[in-house]
Amino acid sequence: MTAKKADVVRPYGDTTGDGMVQVSFTLPVPHSKRAEGAAAQLAEKMGISPALVVHSKPMGPDFTFFVVYGPVHHLVDLSAVHVVEREYPLLSAKEVNAAVKSRLRRKLVVVGACIGTDAHTVGIDAILNIKGFAGEKGLEYYREIRVVNLGAQVLVPDLVERARAEKADAVLVSQVVTQKDAHLHNSREMSAAFREAYPAGRRPLLVVGGPRFAEGAAADLGVDRVFGKGTTPGEVASYLVHALLPAPAPAAAARPTGRKSA
C-alpha cells in the first residue's frame, strides 16, 4: 500500500522540505585539510550532497571531530514507523500507593543497580532516589515501595543473590556505558543468571534502562521491559503496578432496592 502524502516527510533546515541535516562524527585522522576532505567524502557516501564541513577540531594528535551540514534526498514514511507505545496509564504517587496497598497487601520490593564496570549511577539514582528526576520524586518517595539501591559496578551474581535475599518483586538495572555494546552483553548476562537462579515463572520482573537502549529490544535481551532516555520515576512506578499487581476487582453491581417503578 502506498503511503499517503501526509505521511511522507523530509528533514527541515532552512525552509520546509529542503532536506537539510547536520551530523557529527570522529575520524582517526590528524586534523588537516585532507581530514576535512575525508569527512566530506564520508558524508557524500551517507547521502548528504553537497556536504559542507562546518566545523572540525583536533581530538588529540591522531583524531579529528567534524560537524557536516547538507541536504539529503531521502523521504521518511511515517506510516512505516514502529515504536513501543505505553500500554498502561500514568498514575500519581498516591494512586500507586493505593494500588499496591489494596491489591498486593504488602510493600512492593525493588532492587536497583548498575552492573558490570558501569560506575554511572545518575540513571538509577534518578529513578530510585527520593530527589527523583524531571520534577518527579523517585521510588523511595512511594511509601508502599521498598527500594534497595545497590549502586555502581555490581557483579551479576551479587545482584541475583541480593534480589533473592530481599525477595525482590522487580530488579531495575541502569546501563550508561555502551562501548562495544557492553550494555547489551551485561543485560543478556543478567537475564540468563536470573533464569538459572529462579524456577520458571518465579523470577522477579527484570527492567533495564539507559540512553542507548532500543525500547523494542526486551525480548532479545531476555528482560521484561526496556526504558530509554528521559524516562521518569512515575513511568516506572506505573509500569510496576501494571506488570506486577493483580487486576483490580470489578466494581460490585448495584443491588436492587426492591421498589417498583411508578
Worked verdict on I124 versus L172 for side chain to side chain contact (heavy atoms under 4.5 Å, CB included) = CA-CA 8 Å; I124 198 69; L172 274 54; 4.1 Å; yes
task = Dump the intermediate steps for side chain to side chain contact (heavy atoms under 4.5 Å, CB included) on L245 and L240, then the final yes or no.
result = CA-CA 8 Å; L245 271 56; L240 296 179; over 6 Å; no
Working for side chain to side chain contact (heavy atoms under 4.5 Å, CB included), residues V223 and V207 = CA-CA 6 Å; V223 301; V207 179; over 6 Å; no
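Residues L205 and L91 share a hydrophobic cluster, clusters being chains of Ile/Leu/Val/Met/Phe/Trp/Tyr side chains in contact below 4.5 Å. Taking hydrophobic clusters as Ile, Leu, Val, Met, Phe, Trp and Tyr residues chained together by side-chain heavy-atom distances below 4.5 Å, V148 shares a cluster with M190. Residues L90 and L244 fall into different hydrophobic clusters, defined by Ile, Leu, Val, Met, Phe, Trp and Tyr side chains chained together at heavy-atom separations under 4.5 Å. Put simply, V171 and L104 are part of two different groups of oily side chains (I, L, V, M, F, W, Y) that touch within less than 4.5 Å, one to the next.
Using modelled atom types, one finds a donor on one side chain and an acceptor on the other under 3.5 Å when comparing D125 with N149.
Under a cut-off of 6.0 angstrom, the local environment of CD in E161 is sparse, with at most 12 non-hydrogen atoms contributed by other residues, nucleotides or ligands. Residue-environment remark: OH (Y69) exceeds the threshold of 12 foreign heavy atoms within 6.0 Å.
Under the 4.5 Å side-chain criterion, counting only non-hydrogen atoms from C-beta, L108 is not in contact with E144. At least one side-chain heavy atom of P50 sits less than 4.5 Å from a side-chain heavy atom of P71. Within the 4.5 Å cutoff, the side chain of V156 has heavy atoms near those of the E189 side chain. No side-chain heavy atom of V147 sits less than 4.5 Å from a side-chain heavy atom of V111.
V29 shares a hydrophobic cluster with V21, V23, F25, L27, L42, M46, I48, V53, F66, V68, V72; the chain of contacts runs through ILVMFWY side chains whose heavy atoms sit under 4.5 Å apart.
Evaluation of the ring-ring contact (aromatic ring centres under 6.0 Å, His included) test over residues 200-232, restricted to residues two or more places apart or in two chains, returns H183-F213, F227-Y239. Within the structure, every pair that satisfies the side chain to side chain donor-acceptor pair (under 3.5 Å) test and touches residues 103-117, not counting sequence neighbours, is listed here: R106-D169. The ring-ring contact (aromatic ring centres under 6.0 Å, His included) pairs that include a residue from residues 100-122 number zero, where partners must be two or more places apart or lie in different chains. Evaluation of the side chain to side chain donor-acceptor pair (under 3.5 Å) test over residues 49-65, restricted to residues two or more places apart or in two chains, returns H31-S56, E36-S56, E44-S49.
Panel note: side chain D7, backbone D77; no donor-acceptor pair is recorded below 3.5 Å. Here the side chain of S191 pairs a donor or acceptor atom with the backbone of L221 at under 3.5 angstrom. The backbone N or O of I130 lies less than 3.5 Å from a partner atom in the side chain of E140, making a donor-acceptor pair. Listed for the N186 side chain is a donor-acceptor partner under 3.5 Å among the backbone atoms of A182. Between the side chain of E95 and the backbone N or O of S92 there is at least one donor-acceptor pair closer than 3.5 Å. The main-chain N or O of E235 is never found under 3.5 Å from a side-chain atom of S238 such that the two would form a donor-acceptor pair. Looking at D18, its side chain does come within 3.5 Å of a backbone N or O of D14 through a donor-acceptor pair.
A salt bridge is defined here as a Lys NZ or Arg NE, NH1 or NH2 lying under 4.0 Å from an Asp or Glu carboxylate O, and R212 with D181 fails to meet this definition. A salt bridge does not link E215 with R225: none of the charged nitrogens is closer than 4.0 Å to a carboxylate oxygen.
In this structure, G112 and L128 approach most closely via the heavy-atom pair CA-CD1, 3.8 Å. Taking both residues in full, the closest heavy atoms of S174 and D118 are given as O-OD2, 4.2 Å, listed atom of the first, atom of the second, then distance. Here the closest non-hydrogen pair linking A119 and A152 is CA-CB, 3.6 Å. I115 and L159 make their closest contact through CG2-CD2, 3.8 Å (heavy atoms, listed as atom of the first residue, atom of the second, distance). Considering all non-hydrogen atoms of both residues, V67 and S24 come closest at CG2-CB, 4.2 Å. Across all non-hydrogen atoms, the minimal contact from G132 to P233 is CA-CG, 4.4 Å.
In this structure, K167 NZ and R164 CZ are separated by 11.5 Å, a value rounded to the nearest 0.5 Å. The CD atom of Q175 sits 11.5 Å away from the NE2 atom of H185 when rounded to the nearest 0.5 Å. Distance check, rounded to the nearest 0.5 Å: OH of Y12 to CZ of R10 gives 14.0 Å.
Taking the side chain to side chain contact (heavy atoms under 4.5 Å, CB included) definition, one finds that R203 meets it with F194, Y198, L206, D224, sequence neighbours left out.
Under the side chain to side chain contact (heavy atoms under 4.5 Å, CB included) rule, S187 has a single partner from D220, V208, V226, which is V208.
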